[in-house]
Amino acid sequence: AALGLALANVVNADTLIDSMKAATSAWLGRSFRADIFVFAGPEVHAKFEHPLPKSLRTALQAIPHVEFVQAFRMGRRTFGGQPCYLLSEDFEGYRRYNELPGVAGDVSRALPELEAGTGIAASETFTRNFKLSLGDSVTLDTPDGPKSFRIALVYTDYRADIGILFTTRSAYERIFRDELVDLYSVYVSDRASVKQVRAQIAHSFGERYGLLALGSDDYKRDLVGVIDRTMSLARATELVAVVVASLGIINTLLVGKNQ
């Protein structure tokens with residue numbers, strides 16, 4: 001019975017992981033449509049190696065064929081004594097090129113609250129983890145002390161399983177006094193020029209800032225790989241259960257034989 005239960009858990013875990021990977025890949029296709037992703041470090045990791053300066057955005061925007069550059073920041077915060085992440089980026093610019101899968105609330109109505117610094121968007125995982133919903137209040141520490149935000153939007157975001165809060169770039173810089181950037185998403189006007197733009201970014205800024213410029217397909221593939229490595233821990237845990245159950249059965253058989 002123990003072995004059967006353990007094997008069933010392995011099958012269930014594999015099915016869940018495969019389902020989550022499919023959902024994540026579909027979400028990446030809708031929410032990560034930039035042509036080039038620029039960040040510090042030699043490869044894609046769950047955590048960015050070091051932040052980049054705000055001034056780099058202007059330099060990237062000046063490259064021929066670059067249509068738009070999106071600045072993204074992802075910082076670890078604490079809410080209710082538990083960790084979470086706070087993301088910020090140019091909301092309007094993001095929406096021009098990507099989809100923001102809403103779960104509760106209206107994106108257009110939420111934007112003025114986010115810009116004003118009175119509202120915040122929360123991932124579905126965040127609301128589930130902390131048992132909150134649209135309209136509830138979230139209090140975060142800021143340089144000026146604790147500040148409350150109303151959850152003006154609930155949306156889908158698979159970047160972290162501990163929960164994510166999201167606000168606009170301008171509100172984040174104003175409230176949290178942080179102008180650093182973790183990732184630049186570059187949108188190219190002519191797709192035939194993507195390789196040329198990527199090469200120029202690497203040549204002009206790669207060594208100076210220790211950054212990597214990856215094409216869309218490469219970045220998303222590596223990001224899925226990071227998620228897959230994280231999920232592999234679940235597989236390992238279930239396999240240990242199978243081994244333990246098997247050893248228990250073998251031990252029972254040996255004891256019975258000796259008796």
Side-chain angles (χ1 to χ4, degrees), residues 20 23-24 26-34 37 46-48 51 54 57 68-185 187 223 227:
M20 290 178 65
T24 301
W27 171 76
L28 285 171
R30 298 167 61 190
S31 305
F32 283 71
R33 291 176 175 168
F37 294 88
K47 183 179 180 181
F48 294 102
K54 179 181 180 179
R57 181 179 188 178
F68 177 69
V69 178
Q70 172 79 24
F72 169 86
R73 182 71 161 148
M74 182 174 184
R76 197 175 179 93
R77 299 281 166 173
T78 300
F79 174 73
Q82 300 296 320
C84 65
Y85 283 104
L86 176 62
L87 311 187
S88 66
E89 55 191 340
D90 178 359
F91 199 18
E92 282 288 13
Y94 177 85
R95 289 179 62 204
R96 281 205 306 270
Y97 300 92
N98 305 277
E99 296 179 41
L100 188 72
V103 176
D106 181 82
V107 175
S108 298
R109 291 182 179 178
L111 180 57
E113 289 189 60
L114 269 62
E115 286 285 10
T118 57
I120 205 161
S123 70
E124 187 177 16
T125 303
F126 181 92
T127 58
R128 184 170 58 248
N129 288 351
F130 293 101
K131 296 179 174 58
L132 297 172
S133 58
L134 186 71
D136 287 340
S137 180
V138 172
T139 300
L140 299 175
D141 290 331
T142 76
D144 294 321
K147 179 176 174 57
S148 294
F149 303 84
R150 189 185 84 90
I151 297 179
L153 180 71
V154 180
Y155 72 107
T156 300
D157 197 322
Y158 293 118
R159 278 173 283 205
D161 60 359
I162 61 174
I164 292 172
L165 294 171
F166 172 85
T167 189
T168 65
R169 183 75 187 162
S170 58
Y172 177 80
E173 290 183 357
R174 185 176 69 251
I175 296 170
F176 295 94
R177 301 178 191 173
D178 177 12
E179 295 187 342
L180 294 173
V181 178
D182 289 312
L183 174 78
Y184 284 105
S185 303
Y187 298 82
L223 192 59
I227 295 170

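The structure displayed is predicted, hence computed values, not measured ones. Just so you know, residue 1 is the first one in the sequence shown, and it goes up from there.
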Thr142 side-chain N/O to Gly145 backbone N/O, donor-acceptor pair under 3.5 Å: yes
Check: Val69 main-chain N/O paired with Arg57 side-chain donor or acceptor under 3.5 Å: yes
Distance (rounded to the nearest 0.5 Å) between Phe72 CZ and Asp182 CG: 7.0 Å
Expected output: side-chain Gln70 to main-chain Asp90 donor-acceptor under 3.5 Å: yes
Quiz item: cation-pi between Arg96 and Phe68, 6.0 Å / 45°: yes
Nearest-0.5 Å distance, OG1 of residue Thr167 to OH of residue Tyr172: 10.0 Å
The single option from Leu183, Val181, Asp178 passing side-chain contact (heavy atoms from CB on, under 4.5 Å) against Arg73: Asp178
Heavy-atom pair of closest approach, residues Ser108 and Pro112: O-CD, 3.2 Å
Atom pair OH/OG1 of Tyr94 and Thr168 - distance to nearest 0.5 Å: 14.5 Å
From Leu87 atom CG to Ile120 atom CD1, the distance as rounded to the nearest 0.5 Å: 9.5 Å
Listed partners of Arg169 passing salt bridge (Lys or Arg N to Asp or Glu O under 4.0 Å), at least two apart: Glu173
Pair Asn129-Gln82, side chain to side chain contact (heavy atoms under 4.5 Å, CB included): steps then yes or no: CA-CA 10 Å; Asn129 288 351; Gln82 300 296 320; over 6 Å; no
Ser148-Thr139 side chain donor-acceptor pair, cut-off 3.5 Å: yes
Taking every non-hydrogen atom, the tightest pair across Phe176 and Asp141: CE2-O, 3.5 Å
Side chain to side chain contact (heavy atoms under 4.5 Å, CB included) assessment of Phe79 paired with Ile162: CA-CA 11 Å; Phe79 174 73; Ile162 61 174; over 6 Å; no
Side-chain donor/acceptor of Asp157 to backbone N/O of Ser123, under 3.5 Å: no
Minimum side-chain heavy-atom gap Val107-Tyr155 below 4.5 Å: no
Value rounded to 0.5 Å, distance of CG in Leu134 from CD1 in Ile151: 7.5 Å
Gap between atom CD of Glu113 and atom CG of Leu153 - 0.5 Å precision: 10.0 Å
Salt bridge (Lys or Arg N to Asp or Glu O under 4.0 Å) partners of residues 121-137, not counting sequence neighbours, each pair once: none
Heavy-atom pair of closest approach, residues Pro83 and Arg76: CB-NH2, 3.4 Å
Taking every non-hydrogen atom, the tightest pair across Leu165 and Cys84: CD1-SG, 4.5 Å
Whether over 12 other heavy atoms sit under 6.0 Å from Arg109 CZ: no
Heavy-atom closest pair, residues Arg174 and Gly117: NH2-N, 3.8 Å
